[in-house]
Amino acid sequence: MQERFSLPPNLDFGLCVNSGQVFRWHETGPSSWEGVDGREWYQVRLRNAGLEVESNAEAAAFRRMFRLDVDAAAVEAEILRRGPELGPLMAAHSGLRVLQPNDPVEVFFSFLCSANNHLKRIKPMVGKLAEFGDPIPNTKFRAFPEPEVVAEIPESVLRSQGFGYRGASIPRAAAALVSRGGRAWLESLMRTPYEQAVEQLIEIPSIGRKLADCIALFGLHHGEAVPVDTHLWQQLTRLYHPELRGEALTERRYREVAERFRTRFGDLTGWAHQYLFVDNVSVGARARAARSKEDTA
């Protein structure tokens, strides 16, 4: 595919691919990016208010991943109606949207890499897992490996590449996924009601509620999912539950605050959550930069 797409006024492409939703995208130059989603590679350039895309995928796959057929302005207006308190965050991160990657297997293993981790370490780890995949013909890219391949990676190999305890947990989760039917089973969860899909994911070793919600939102496209990690917990206790500020995020509290947030935003819960997540990450990054300047002054 070589195609030009009109750039919606409310899409910040760089912000979207660097907001903790996908992990194999890189900026290659001013307003230029390249990325891989499963077996599909993309080279994207922003030119004259349009996106010029070269890929081995169909145009529909790119449109689906970046929600180009969604009226994002209407989505934002509805989120603002349901939660006007998010207005300042939405203005600060204009152009953000929840993506829908086409390969749930890559999403599954990417978020296994994200446990107790941060973006600068997650991206290289996902890249190292991708090295076990097949080369994509006539490109420098590799397809993300299937669960059967990941299940056979020796723990020692992953540990030697900096995966730590995940060197054991990732192949173990892969083996559990394979035992359930692998890719086909995971794809079937896209058609399973949200709560049932999450409960089935939690049965896999090393997947708790938060990771299950990440996979459900980004890999299975369940829009009512709300992954409550440290960043979101800080935001939720600031905006909605000040009585819980400074308290630990227990399993019971996770379920309670997530359900209240879901009651407020419904099928747009995941989209609304992304503003909270990105804002908290950005605030933390600015604070760390300020501290670094103070230390070197």
Side-chain angles (χ1 to χ4, degrees), residues 1-73 75 93-111 113-114 119-120 122-147 149-150 183 186-187 190 214-215 217-221 270-271 274 278:
M1 170 187 70
Q2 285 186 312
E3 189 155 337
R4 178 181 173 83
F5 299 87
S6 297
L7 180 67
N10 45 15
L11 170 62
D12 185 327
F13 194 90
L15 175 60
C16 288
V17 298
N18 286 296
S19 59
Q21 305 184 62
V22 292
F23 304 99
R24 284 210 287 166
W25 284 81
H26 308 277
E27 191 167 5
T28 56
S31 301
S32 299
W33 301 267
E34 63 182 22
V36 188
D37 174 30
R39 293 183 170 274
E40 298 170 345
W41 60 269
Y42 298 92
Q43 290 181 327
V44 181
R45 298 173 182 83
L46 176 59
R47 298 285 187 275
N48 301 319
L51 293 171
E52 297 176 356
V53 182
E54 183 177 356
S55 174
N56 65 338
E58 298 291 334
F62 183 81
R63 300 189 68 88
R64 183 167 53 247
M65 183 173 185
F66 289 95
R67 316 293 292 276
L68 298 186
D69 295 326
V70 172
D71 186 345
V75 170
H93 308 291
S94 178
L96 180 65
R97 59 179 64 189
V98 171
L99 306 181
Q100 289 192 338
N102 293 293
D103 187 6
V105 170
E106 179 165 336
V107 173
F108 179 92
F109 289 106
S110 293
F111 281 99
C113 292
S114 76
L119 191 58
K120 286 187 177 179
I122 299 168
K123 293 182 76 168
M125 290 172 69
V126 175
K128 289 174 182 176
L129 277 183
E131 291 175 4
F132 292 92
D134 295 331
I136 299 176
N138 304 314
T139 75
K140 62 181 179 180
F141 305 111
R142 285 183 175 270
F144 199 85
E146 292 297 313
V149 174
V150 179
R183 173 181 291 278
L186 194 58
E187 290 176 345
M190 301 173 77
C214 288
I215 296 166
L217 177 60
F218 301 113
L220 307 180
H221 310 159
W271 198 308
Q274 196 66 16
V278 169

CA sep, side-chain torsions, deciding dist, call: R67, V75, side chain to side chain contact (heavy atoms under 4.5 Å, CB included): CA-CA 11 Å; R67 316 293 292 276; V75 170; over 6 Å; no
Steps toward side chain to side chain contact (heavy atoms under 4.5 Å, CB included) verdict (S32, R47): CA-CA 9 Å; S32 299; R47 298 285 187 275; 3.9 Å; yes
Worked check of side chain to side chain contact (heavy atoms under 4.5 Å, CB included) between V149 and D134: CA-CA 10 Å; V149 174; D134 295 331; over 6 Å; no
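Put simply, CZ on R64 and CD on Q100 are 8.5 Å apart, with the number rounded to the nearest 0.5 Å. A distance of 11.0 Å separates CG of L217 from CD1 of I215, quoted to the nearest 0.5 Å. The distance from atom CD of E54 to atom OG1 of T139, rounded to the nearest 0.5 Å, is 10.5 Å. To the nearest 0.5 Å, atoms CD (E106) and CD (E40) are separated by 10.0 Å. Here the straight-line distance linking atom CD of E52 with atom CD of Q2 works out to 10.0 Å at 0.5 Å rounding. For the atom pair W25 CH2 and N18 CG, the distance stands at 10.5 Å (nearest 0.5 Å).
Between L220 and L186, the shortest heavy-atom distance links the atoms CD2-O, 3.5 Å. Across every non-hydrogen atom of V126 and S110, the tightest pair is CG1-OG, 3.6 Å. Contact between V105 and P147 at its shortest, heavy atoms only, is CG1-CD, 3.9 Å. What you find for G38 and D103 is that their closest heavy atoms are CA-OD2, 2.9 Å. Summarising the geometry of I122 relative to C113, their closest heavy-atom pair is CG1-O, 4.0 Å, with the distance given to 0.1 Å. Residue A143 comes nearest to R39 through the heavy atom pair CB-CG, 3.5 Å, listed as atom of the first residue, atom of the second, then distance.
No side-chain heavy atom of Q274 sits under 4.5 Å from any side-chain heavy atom of H93. Between D12 and S94, every side-chain heavy-atom pair lies at or beyond the 4.5 Å cut-off. M65 has its side chain out of reach of V17: every pair of non-hydrogen atoms, C-beta onward, lies at least 4.5 Å apart. F144 is not listed as a side-chain neighbour of D37, based on a closest heavy-atom distance of 4.5 Å or more. Looking at heavy atoms from C-beta onward, E34 lies in side-chain contact with K140 at the 4.5 angstrom threshold. Counting heavy atoms from C-beta on, the side chains of W271 and V70 come closer than 4.5 Å. Counting heavy atoms from C-beta on, the side chains of R24 and F141 never come closer than 4.5 Å. Considering only heavy atoms from C-beta on, V36 comes within 4.5 Å of I136 through its side chain.
Counting non-hydrogen atoms of neighbouring residues, nucleotides and ligands closer than 6.0 angstrom, the CG atom of N138 reaches no more than 12 such neighbours.
No side-chain donor-acceptor contact under 3.5 Å links S6 to the backbone of G50. Here the side chain of H221 pairs a donor or acceptor atom with the backbone of P101 at under 3.5 angstrom.
At a threshold of 4.0 Å, the pair R63-E3 does not count as salt-bridged, since none of the basic side-chain nitrogens sits closer than that to a carboxylate oxygen.
Under the rule for a side chain to side chain donor-acceptor pair (under 3.5 Å), the partners of N10 that lie at least two apart in sequence or sit in another chain are R97.
Here the rule is ring pair (Phe, Tyr, Trp, His ring centres under 6.0 Å) with Y42, and of F13, W33, F62 only F62 fits it.
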